[in-house]
Amino acid sequence: MDGKTVRGSRTDGATVHLLAAALHACQMVIAQRQVAAKSNEIPAFAPLLDRIDLRGVVVTADAMHTQRAHAEHVITAGGHYLLVAKGNQKKLRKQLRHLPWRQIPLQARTTGTGHGRREARRPKVCTVRPGLLFPHSVQAMEIKRRRPHRKTGKVETKTVYAVTSLPPGQAGPAQLAELIQNHWSVEAMHHVRDVTFGEDASRVRTGTAPRAMATLRNLAIGLMRQAGWTNIAAAADHYRSRPRHATAMLRLAV
């Protein structure tokens with residue numbers, strides 16, 4: 001789950017904000033909902049998920065959605081959650097921060113690109129007692145991220161805490177670290193919509209047109225990913241100059 005504002009849609013001081021549910025592996029958006037004006041993503045969370053069969057699904061979302069009601073909704077629907085705890089859940093984050101992390105050995109180490117920079121991640125996982133201030137929580141996670149600053153070379157360290165309903169038998173440290181890392185793929189898709197398709201520069205404003213255009217961009221990205229493309233800009237150039245290939249992918253006659 002991740003939200004995005006369509007900045008070019010601003011009319012009378014308001015912009016269209018969309019909350020999307022996307023599959024990690026292929027960046028395919030499977031549901032999208034427009035957030036009500038003068039509101040935020042929180043009320044849109046449950047109605048969007050009501051359109052998806054959550055049985056056997058792990059829901060990941062940013063810290064805004066680390067809400068007790070959201071956790072209950074996901075569990076009731078037969079799914080699991082993995083949610084990050086930040087400032088909006090101060091008591092929960094304090095509990096997580098004071099777990100005996102120093103007594104837990106390092107369980108995995110991964111390297112990769114996060115937010116455009118190379119970084120090393122050191123996750124630790126422990127089971128939690130029923131007294132944790134979050135419903136259905138079974139495991140807690142601490143991830144220390146270290147990444148060098150591009151210009152200065154200074155190493156920046158950040159600690160992230162998360163909580164999940166997944167039991168150890170279903171997800172260990174490596175699997176949980178992968179789920180958190182893959183959540184950023186949804187944010188990356190929104191970046192593609194801006195950079196490759198120029199979404200924020202679009203002046204489409206009327207009625208439901210901004211949401212419809214965002215849906216079409218989501219569809220294009222998803223189809224290109226399914227066709228095996230890893231570079232969406234290159235894929236867009238390819239299909240722009242070879243429209244027959246695009247219609248063939250959609251199984252349309254020209």
Side-chain angles (χ1 to χ4, degrees), residues 1-24 27-54 57-77 79 81-94 115 133-137 160-163 165 180 183-222:
M1 305 281 286
D2 193 50
K4 182 183 183 302
T5 298
V6 185
R7 302 190 186 283
S9 65
R10 182 177 296 276
T11 304
D12 297 329
T15 54
V16 171
H17 190 87
L18 303 170
L19 180 63
L23 303 177
H24 282 190
Q27 295 184 342
M28 174 69 77
V29 173
I30 56 175
Q32 184 170 267
R33 185 178 183 89
Q34 185 166 334
V35 175
K38 298 182 181 180
S39 183
N40 58 43
E41 296 176 14
I42 294 175
F45 183 90
L48 180 62
L49 286 183
D50 283 340
R51 302 163 60 185
I52 304 170
D53 184 357
L54 294 183
V57 171
V58 181
V59 176
T60 65
D62 59 28
M64 177 186 294
H65 296 291
T66 306
Q67 307 286 336
R68 293 170 179 80
H70 289 0
E72 292 283 5
H73 187 88
V74 171
I75 296 298
T76 300
Y81 64 79
L82 175 59
L83 300 169
V84 175
K86 290 187 178 179
N88 64 322
Q89 292 286 348
K90 293 181 180 179
K91 291 183 179 179
L92 173 62
R93 192 175 189 279
K94 183 178 180 180
H115 301 281
L133 295 172
F134 208 73
H136 308 285
S137 55
V160 177
Y161 296 99
V163 64
S165 60
I180 284 188
H183 175 73
W184 293 334
S185 69
V186 185
E187 297 180 9
M189 178 197 65
H190 288 161
H191 180 72
V192 168
R193 274 170 39 186
D194 284 339
V195 174
T196 302
F197 293 97
E199 181 169 88
D200 280 356
S202 173
R203 307 303 290 174
V204 175
R205 298 179 176 181
T206 306
T208 60
R211 183 177 66 192
M213 290 303 299
T215 300
L216 291 173
R217 294 181 190 107
N218 289 336
L219 176 62
I221 293 169

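Using cut-offs of 30° and 60° for the angle between ring planes, the Phe134 and Tyr81 rings count as perpendicular.
A distance of 10.0 Å separates CG of Leu54 from CD1 of Ile75, quoted to the nearest 0.5 Å. Note: Arg93 CZ to Leu133 CG = 14.5 Å, rounded to the nearest 0.5 Å. The distance from atom OG1 of Thr5 to atom NE2 of His190, rounded to the nearest 0.5 Å, is 10.0 Å. The line from CE of Met1 to CG of Asp62 is 9.5 Å long, rounded to the nearest 0.5 Å.
Of the charged side-chain nitrogens involved, at least one lies within less than 4.0 Å of a carboxylate oxygen, so that Lys4 and Asp200 count as a salt-bridged pair.
Residue Ala162 comes nearest to Leu82 through the heavy atom pair CB-CD1, 4.1 Å, listed as atom of the first residue, atom of the second, then distance. Considering every non-hydrogen atom in both Asn88 and Ala63, the closest pair reads ND2-O, 2.8 Å. Smallest separation of non-hydrogen atoms from Ala20 and Leu48: C-CD2, 4.0 Å.
Residues His73 and Asp50 have side chains that bring a donor and an acceptor to within less than 3.5 angstrom of each other. In this structure, a donor-acceptor pair under 3.5 Å is absent between the side chains of Arg51 and Gln32.
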Inset, instruction - Please report the C-alpha distance between His70 and Ile42 in whole Å, then the side-chain angles of each, then the deciding distance to 0.1 Å, and finally whether the side chain to side chain contact (heavy atoms under 4.5 Å, CB included) criterion is met. - result: CA-CA 9 Å; His70 289 0; Ile42 294 175; 3.8 Å; yes

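Panel note: side chain Gln34, backbone Arg211; no donor-acceptor pair is recorded below 3.5 Å. In terms of modelled atom types and a separation under 3.5 Å, the side chain of Thr66 and the main chain of Val84 share a donor-acceptor contact.
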